[in-house]
Visitor: 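Would you mind keeping the following structure in view while I ask a few things?
Throughout, residue positions are numbered sequentially from 1 according to the sequence presented.
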Amino acid sequence: METKEKLFEGGIYNGFVMLFVDIVMFLVSIASIVLGIIGLDAEDYATGGLLLSAGIVLLLVNLICWCGFLMLEPNEARVITWFGKYAGTFSQTGYYWINPFYSTKKVSLRARNLDAEPIKVNDKTGNPVMIGLVLVWKLKDTYKALFEVDSQTMATTQAGQIGTDVKSIMNALENFVRVQSDAALRQVAGQYAYDDEDSKGDDLTLRSNGEEINEQLEQKLDERLALAGIEVVEARINYLAYAPEIAAVMLRRQQASAIITAREKIVEGAVSMVKMALDKLASEGVVELDDDKKAAMVSNLLVVLCGDDSAQPVVNTGTLNH
């Protein structure tokens with residue numbers, strides 16, 4: 001989205017110089033008022049009245065000028081308006097003085113963390129899962145943050161006053177980020193299955209393709225938060241599990257799947273070992289076995305190699321011909 005943020009091009013003066021000028025102006029106004037009162041007491045009404053009036057006016061101007069000082073720390077900015085019209089954004093670090101009739105709102109440009117609590121979402125196959133994210137974000141466009149979204153009204157205090165301080169505005173933006181993060185997380189999680197057992201083919205899954213899912217999540221968040229001038233530094237899923245109501249069932253399914261996989265490996269290894277034993281006996285001429293004896297030997301070896309319990313050996317004292 002095109003930005004409307006611009007640099008403030010109005011008068012910004014060194015704060016220390018203006019502080020000295022204001023102090024001098026204050027002393028001059030006080031001196032003028034005192035001299036004016038002395039002149040009136042001496043019945044010099046023209047000079048005394050002029051000095052008194054000038055001193056009072058100068059003192060009022062001086063009091064107004066005291067309201068023009070502002071100080072900015074690194075990664076802070078001031079959004080400046082002139083009677084409701086956006087005049088620009090000033091973000092230069094230091095101590096400055098600006099025309100007091102400008103309205104300024106301070107915002108923070110520093111990075112912030114959002115550790116979202118896990119929420120319940122249905123994945124692509126309809127299984128309820130608990131998923132949470134951690135988000136690092138910072139303010140990039142001050143115009144959008146203050147004028148494209150209603151952050152100032154959202155920062156309304158408990159007393160009903162609209163928040164204008166930096167803490168209230170940033171808290172309002174954080175609430176906006178939290179709501180949009182929840183929506184983006186639900187959208188992304190609903191597009192993918194939890195794991196490979198629920199997916200078809202080479203589809204991405206929440207558990208097995210973390211990096212790809214994080215990229216998708218970051219892209220969705222960028223699209224949603226760009227409206228408020230917020231930049232997503234990093235977004236990651238930091239919690240993923242089945243919902244409690246199906247967790248026990250899914251755990252048994254995973255255990256069954258693991259047992260089946262282990263059995264497949266055991267059988268594969270046992271068959272290769274039986275084949276190797278038969279080939280070794282035949283090649284070295286240790287004993288000659290007919291098909292029935294080979295079948296019995298294969299059966300016995302598979303039982304021994306694939307069984308969970310230790311085999312109990314039986315010593316055959318006869319001959320292989322009986």
Side-chain angles (χ1 to χ4, degrees), residues 1 111-141 144-145 148-151 153-156 168-265:
M1 298 176 63
R112 289 179 170 238
N113 276 329
L114 174 65
D115 187 4
E117 291 292 330
I119 59 175
K120 185 185 293 186
V121 182
N122 289 335
D123 68 0
K124 185 177 180 180
T125 59
N127 293 324
V129 298
M130 300 297 295
I131 186 170
L133 67 82
V134 60
L135 171 66
V136 182
W137 63 277
K138 64 180 180 180
L139 195 59
K140 184 178 181 181
D141 192 315
K144 291 180 180 179
E148 294 289 348
V149 296
D150 199 6
S151 57
T153 303
M154 289 191 294
T156 302
S168 298
I169 293 176
M170 297 309 296
N171 284 342
L173 290 173
E174 187 169 335
N175 289 333
F176 180 83
V177 171
R178 182 176 289 105
V179 173
Q180 294 302 321
S181 299
D182 184 282
L185 187 58
R186 291 180 183 275
Q187 181 180 2
V188 172
Q191 294 177 350
Y192 303 99
Y194 178 84
D195 57 19
D196 296 330
E197 296 179 3
D198 297 325
S199 65
K200 297 180 180 179
D202 296 330
D203 293 343
L204 298 179
T205 63
L206 297 174
R207 192 176 70 172
S208 303
N209 303 98
E211 291 299 326
E212 293 83 352
I213 301 301
N214 289 333
E215 291 177 2
Q216 292 274 348
L217 179 61
E218 190 171 326
Q219 180 182 353
K220 296 296 181 184
L221 284 169
D222 267 327
E223 294 174 358
R224 290 175 175 272
L225 298 180
L227 175 65
I230 293 172
E231 177 186 5
V232 177
V233 179
E234 183 183 15
R236 288 191 161 275
I237 294 175
N238 67 337
Y239 183 88
L240 181 63
Y242 281 114
E245 57 266 28
I246 67 167
V249 176
M250 291 302 178
L251 178 60
R252 287 198 296 270
R253 189 186 73 170
Q254 291 175 356
Q255 290 174 341
S257 177
I259 291 173
I260 292 172
T261 303
R263 288 293 183 185
E264 289 177 352
K265 284 291 184 182

Visitor: Any pair with a residue in residues 180-194 that passes salt bridge (charged side-chain N to carboxylate O under 4.0 Å, His left out), sequence neighbours left out, goes on the list, sorted by first then second residue, please.
Guide: D182-R186
Visitor: Would you give the length of the straight line joining atom CD of E218 to atom CG of L225, rounded to the nearest 0.5 angstrom?
Guide: 11.0 Å
Visitor: Identify, with sequence neighbours excluded, every residue that meets side-chain contact (heavy atoms from CB on, under 4.5 Å) alongside Q191.
Guide: Q187
Visitor: Tell me, please, which residues at least two apart from K124 pass side-chain contact (heavy atoms from CB on, under 4.5 Å).
Guide: D203
Visitor: Looking only at heavy atoms, what is the nearest atom pair of A228 and L139, with distance?
Guide: O-CD1, 3.9 Å
Visitor: Considering residues at least two apart in sequence or located in another chain, which fulfil the side-chain contact (heavy atoms from CB on, under 4.5 Å) criterion with A116?
Guide: L133
Visitor: Mind listing the closest non-hydrogen atom pair of V121 and A189 along with its distance?
Guide: CG1-CB, 3.8 Å
Visitor: How would you list, by chain and number, every residue that makes a side-chain hydrogen bond (donor to acceptor under 3.5 Å, both in side chains) with Q180, sequence neighbours excluded?
Guide: R224
Visitor: Run the salt bridge (Lys or Arg N to Asp or Glu O under 4.0 Å) test against E174 and tell me which residues pass, sequence neighbours left out.
Guide: R112, R178
Visitor: Can you tell me if D123 uses its side chain to pair, donor with acceptor, with the backbone of P128 under 3.5 Å?
Guide: no
Visitor: When you measure from the side chain of N209 to the backbone N and O of L204, does any donor-acceptor pair fall under 3.5 Å?
Guide: no
Visitor: Does K120 have any salt bridge (Lys or Arg N to Asp or Glu O under 4.0 Å) partners at least two apart in sequence or in another chain, and if so, which?
Guide: E245
Visitor: How would you list, by chain and number, every residue that makes a side-chain hydrogen bond (donor to acceptor under 3.5 Å, both in side chains) with N238, sequence neighbours excluded?
Guide: D115
Visitor: Once salt bridge (Lys or Arg N to Asp or Glu O under 4.0 Å) is applied, do any residues pair with D222, and if so which ones, sequence neighbours excluded?
Guide: none
Visitor: Not counting sequence neighbours, which residues clear salt bridge (Lys or Arg N to Asp or Glu O under 4.0 Å) with E211? List them please.
Guide: R236
Visitor: Using modelled atom types only, decide if a donor and an acceptor are shared between the side chain of D141 and the backbone of K144 within a distance under 3.5 Å.
Guide: yes
Visitor: What residues form a side-chain hydrogen bond (donor to acceptor under 3.5 Å, both in side chains) with N122, not counting sequence neighbours?
Guide: none
Visitor: Applying side-chain contact (heavy atoms from CB on, under 4.5 Å), name anything that partners V179, two or more places apart in sequence or on another chain.
Guide: none
Visitor: Which atom pair, heavy atoms only, marks the closest approach of I213 to T205?
Guide: CG1-O, 3.8 Å
